[in-house]
Amino acid sequence: MKVSRRTFLSIGSFIVGGAAGTALSPLPWKLTDDLSIWTQNWPWTPMPERGEVSYVNSVCTLCPGGCGISVRKVNDRAVKIEGMKGHPVNDGGICILGLSGLQLLYGPTRIKTPLKRVGEKGQGKFKKISWDEALKEVAEKLGTLRSEGKSHTVACVSGSACGTVPQLLKRLLTVYGSPNFMSVPTMQDAYAVTLKLMHGVDACPGFDVENADFILSFGSGIIEGWGSTVRMFKANSAWQDKKIKVVQIESRMSNTAAKAAKWIPARPGSEGVLALGIAYMMLRDGLYKKEVCDSAAGFEDFRKTVSENYAPENIAAATGIEKETIESLAKEFAGAASPLAICGRGQGHTPGSQYEFMAVHALNALAGNINKAGGVFTVPDPKYIAWAEPELDETAQKGMSSPRIDGAGSETYPHAKSLLNRLPPAILSAQGECPVQALLISEANPCYTLSDTQTVKKAFAKIPFVVSFSSYMDETAQYADIILPNHAYLERLEDAPAYAAGLSKPVIGLSKPVVTPQFDTKHTGDAVIALAKALGDKVAAAFPWESYAACLEETLGDKWKSLNEKCFAVVEESIEAPLQFFKQECKPVFAEGDEKQYPFVLMPYDSIRLANGFIGNTPFLTKTVPDTVLRKNDIFVEINPKSAGGDSLSLREGSAVMLTTPKGSAKVRVHLSEEIMPGVIAIPRGLGHTAYDKYLAGKGINCNELIGPAEDSGSGFDAVWGIRAKLSSVSI
Amino acid sequence: MSKPVDHKKEVLGDGSGGFAILFFLLGLVASLIVGWVVYPKLLYSQKNQPVDFNHALHIDLVDEGCESCHFFREDGTYSGVPKLAQCIGCHEEVQGETKDEAIFVEQYVKQGREVPWLIYAKQPDCVFFSHVAHVKAGGMDCVTCHGHIGESASLKVYEENRITGYSRDIWGKNISGLKTNTWDRMKMDDCSECHEEKGVNATSVQTGKGACFVCHK
Ligand code: SF4
């Protein structure tokens with residue numbers, strides 16, 4: 001159609017007029033404003049609901065730090081977690097994990113109903129079942145094993161051994177007839193063995209960090225999450241303000257080392273040797289508290305051993321630290337009024353070697369600062385769980401008298417209460433039937449956190465019946481046959497003994513439900529009681545409580561009321577701790593692998609931005625991980641530029657390489673950093689999940705896949721701190 | 001050889017110019033009508049409150065003015081629109097004879113259901129607004145922002161912006177955005193106008209932060 005000039009002009013004029021008129025009307029301005037507001041209100045933009053605001057005080061149980069929290073709620077929705085003011089551990093502070101805990105409460109990784117496995121073990125395929133069916137199935141299986149005289153083949157792995165829920169699980173095993181209750185060991189366990197050997201007491205370590213005036217840290221990540229994160233952050237800031245000197249001995253410059261007054265990069269694994277080298281100087285120069293030590297049992301032997309073996313020349317060679325540095329360290333340490341030596345690598349979530357722990361504790365002993373202001377305290381168990389001894393039937397007695405599967409408490413391992421690291425080899429080396437016929441797992445993720453996870457998974461696949469109480473679909477839950485999901489941490493009532501807070505007095509916390517459970521979950525305490533009741537007879541009789549809540553209230557007795565109000569109770573108890581020097585021969589733990597074949601030492605490192613235990617990273621936490629650690633799904637390992645220029649490999653920032661250890665290989669990227677000793681490769685701990693959800697899975701490598709266990713000769717714990725490794729080129 | 005074309009004549013001489021002006025005016029008028037009249041009509045949907053309410057009647061019966069019902073909680077937070085609990089003292093049974101009173105008592109009070117009041121002054125989620133900071137600390141009266149609603153005998157129609165979902169009171173009744181009284185609009189500029197004028201230098205009551213974060217989350 002031909003448009004005539006007149007038509008064209010008319011339309012054009014109309015449009016121009018329309019545009020002019022529109023510009024003179026409020027339409028464009030109002031519409032722009034409205035559209036911009038519209039973009040702010042897209043339905044997928046999260047928005048807190050409106051309503052009445054309230055606060056619920058509770059205790060954070062995402063790590064054993066034991067912080068008090070105050071959770072802000074709008075109606076029944078928790079919207080913000082804050083630190084509880086006036087709490088003895090964290091006084092209003094909170095760590096980044098605790099802060100983002102709502103993502104664990106409301107995130108997609110929760111298990112919403114009881115589940116039964118339908119796929120292969122480890123495949124993660126489940127179908128929903130009801131609580132009645134699930135509990136019945138578990139009780140029937142346990143009942144059958146018991147009637148076949150196999151009660152001792154049932155084992156339990158609990159995240160902790162303290163608190164009513166772990167103790168209920170242990171009690172269930174005892175009356176059922178199995179000695180195989182295990183907990184996930186941490187540096188607290190290595191410290192407990194140390195305190196037992198050097199003071200003869202059953203105690204947890206306390207560190208009076210607030211009153212110490214010189215801190216000598218053997219690789220402890222003071223601001224990396226060691227001990228109780230928030231408390232240590234506060235202590236570290238106070239030290240900076242008061243100009244209190246912190247000396248950090250570590251082969252990599254962690255944040256702690258960077259903030260310390262002095263960073264001494266010692267050869268990895270030589271920390272214990274260095275401590276004894278310092279002890280040598282203190283003994284030689286008479287810089288120790290004679291009135292405390294001279295009369296202590298075993299002191300002369302100790303002095304002799306140290307004088308003969310730890311002369312500065314040897315130490316300098318073993319640690320790579322100059323003699324003069326060691327000398328001045330000894331002087332400074334001994335010269336301070338309240339010096340404090342601490343150990344437990346990084347966050348201390350893995351127990352270290354007994355040799356190292358005892359050596360470091362010996363320094364505190366020499367400085368005479370045990371159970372003194374600014375020193376190390378022997379903190380007794382708060383002993384609030386005082387249930388009547390259960391009556392055992394014949395089967396239970398027989399089961400309880402069989403040896404533990406992990407060897408803990410045996411002649412070889414007299415000190416450890418449990419040795420989880422020995423469970424997988426025990427399963428894999430057994431001939432014939434699997435020595436563990438059923439395994440209960442609560443608040444633990446051994447298929448991710450134990451060294452050499454491939455082997456751990458192989459062992460778990462052999463266990464015929466695995467029951468998980470996890471609230472999350474973690475790596476170990478994927479190996480379960482039945483999952484009895486616990487309420488999430490802000491949904492349940494539970495005691496939370498702050499044994500890892502490291503205060504000088506025992507503190508009991510009470511974790512209170514902040515919101516009502518959102519899904520068809522059950523408190524593990526209630527599930528255990530239900531299982532006991534279903535097993536009947538003496539097993540049932542040992543659990544006289546109607547519910548877990550009733551059990552807890554009865555257990556806490558006269559503490560219940562004040563705990564319910566304040567969420568914490570400081571137990572005014574202390575324990576006499578006479579000093580004795582150890583006689584037992586302990587040896588340092590070395591990195592596995594041949595030096596020639598594997599020229600590097602690979603060490604995992606902890607970061608405050610990566611949760612690496614049973615609780616995985618929240619998406620918020622992952623967002624804070626710098627891209628020199630994780631970029632997209634690629635993990636970066638740190639390496640000194642001096643070691644990067646080897647003949648075949650000239651590595652540059654970001655280069656992809658194959659990292660190989662005696663346990664396996666993984667493709668990683670390289671982050672060149674002057675802040676690590678040459679010859680050492682550091683790999684972040686806490687990445688490489690394969691389970692959970694898309695926010696956590698598939699990001700980087702789990703360092704435990706590359707590292708094998710290194711059993712400590714003294715305690716039997718896995719005291720691995722690294723492994724030998726090599727790098728080879730890889731095509732991208 | 002062809003004759004040169006007389007362009008001038010061709011443009012003006014055939015009456016096209018008149019048409020152009022006419023259509024220009026048509027376009028202008030049409031768009032002005034659309035912009036000023038049609039658009040506001042289309043933009044806002046009209047909703048009636050679930051129950052009508054007579055502010056004037058109530059204010060005579062209470063002792064403490066607006067705050068009798070729109071009170072501050074003990075911790076300083078503002079209760080906003082009253083909940084049933086505050087009405088129930090007098091309205092357990094039907095008072096008077098109005099239709100709204102009967103609806104209120106039958107459908108809400110007796111059934112324990114809160115009235116889903118439509119809130120004219122509801123601000124976006126990205127802002128903190130603290131009543132206590134303005135009324136108690138700043139000594140402002142309700143009228144400055146809310147106008148003379150306390151004297152009205154009946155609730156006005158609630159107009160909801162179809163694009164943003166906000167009440168028309170935020171932008172203001174006047175579609176041009178111009179205002180005569182302080183209570184005519186409740187946009188950010190209106191807040192800052194007053195903050196600037198008064199030289200407000202306070203930090204956020206909720207977060208203790210300053211600058212943008214005095215009001216914004
Ligand atoms: S330190 Fe541990 S207990 Fe404290 S807030 Fe952080 S995760 Fe929770």
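Just so we're on the same page: letters track the sequence lines, and every chain starts at 1. No experiment lies behind these values; they were computed from the predicted model shown.
- Scanning residues 230-237 of chain A against chain B with a 4.5 Å heavy-atom cutoff picks out nothing at all.
- Within 6.0 Å of atom OH in A:Tyr695, 12 or fewer heavy atoms from other residues, nucleotides or ligands are found, so the atom counts as exposed in its surroundings.
- Separation of the B:His134 and B:Phe129 ring centroids falls under the 6.0 Å cut-off.
- With a 4.5 Å cut-off on non-hydrogen atoms, A:Asn41 touches chain B through its side chain but not through its backbone.
- Between the side chains of A:Asp76 and A:Thr516, at least one donor N or O lies within less than 3.5 Å of an accepting N or O.
- Neither the backbone nor the side chain of B:Leu25 comes within less than 4.5 Å of any heavy atom of chain A.
- Checked against the 6.0 Å centroid criterion, the rings of B:His58 and B:Phe53 qualify as a close aromatic pair.
- With chain B as the partner, the residue from A:Pro28, A:Ser25, A:Ala23 showing the most heavy-atom pairs under 4.5 Å is A:Ser25.
- Below 30°, between 30° and 60°, or above 60°: for B:Tyr158 and B:Tyr120 the angle between ring planes is between 30° and 60°, a tilted geometry.
- For the side-chain contact (heavy atoms from CB on, under 4.5 Å) test, residues two or more places apart in sequence or in another chain that qualify with A:Ala569 are A:Leu563.
- B:Gln111 places no side-chain N or O within 3.5 Å of a backbone atom of B:Tyr108 that could act as its donor or acceptor partner.
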Please output the side-chain donor-acceptor pairs of residues 11-21 of chain A that fall under 3.5 Å, not counting sequence neighbours, one pair per line with the distance.
| unit_1 | atom_1 | unit_2 | atom_2 | d |
| --- | --- | --- | --- | --- |
| A:Ser13 | OG | A:Leu9 | O | 2.7 |
| A:Ser13 | OG | B:Ala20 | O | 3.3 |

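- Only the backbone of B:Pro124 comes within contact range of chain A, judged by heavy atoms closer than 4.5 Å.
- Interface residue B:Arg73: only side-chain heavy atoms are found under 4.5 Å from chain A.
- Contact count against chain A (heavy-atom pairs under 4.5 Å) is highest for B:Leu43 among B:Val34, B:Leu43, B:Ile33.
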Name the atoms and distances for all side-chain donor-acceptor pairs under 3.5 Å in residues 79-90 of chain A, with sequence neighbours left out.
| unit_1 | atom_1 | unit_2 | atom_2 | d |
| --- | --- | --- | --- | --- |
| A:Lys80 | NZ | A:Glu82 | OE2 | 3.3 |
| A:His87 | ND1 | A:Val89 | N | 3.0 |
| A:His87 | ND1 | A:Asn90 | OD1 | 3.3 |
| A:Asn90 | OD1 | A:Gly68 | N | 2.9 |
| A:Asn90 | ND2 | A:Gly68 | O | 2.8 |
| A:Asn90 | ND2 | A:Gly93 | O | 2.8 |

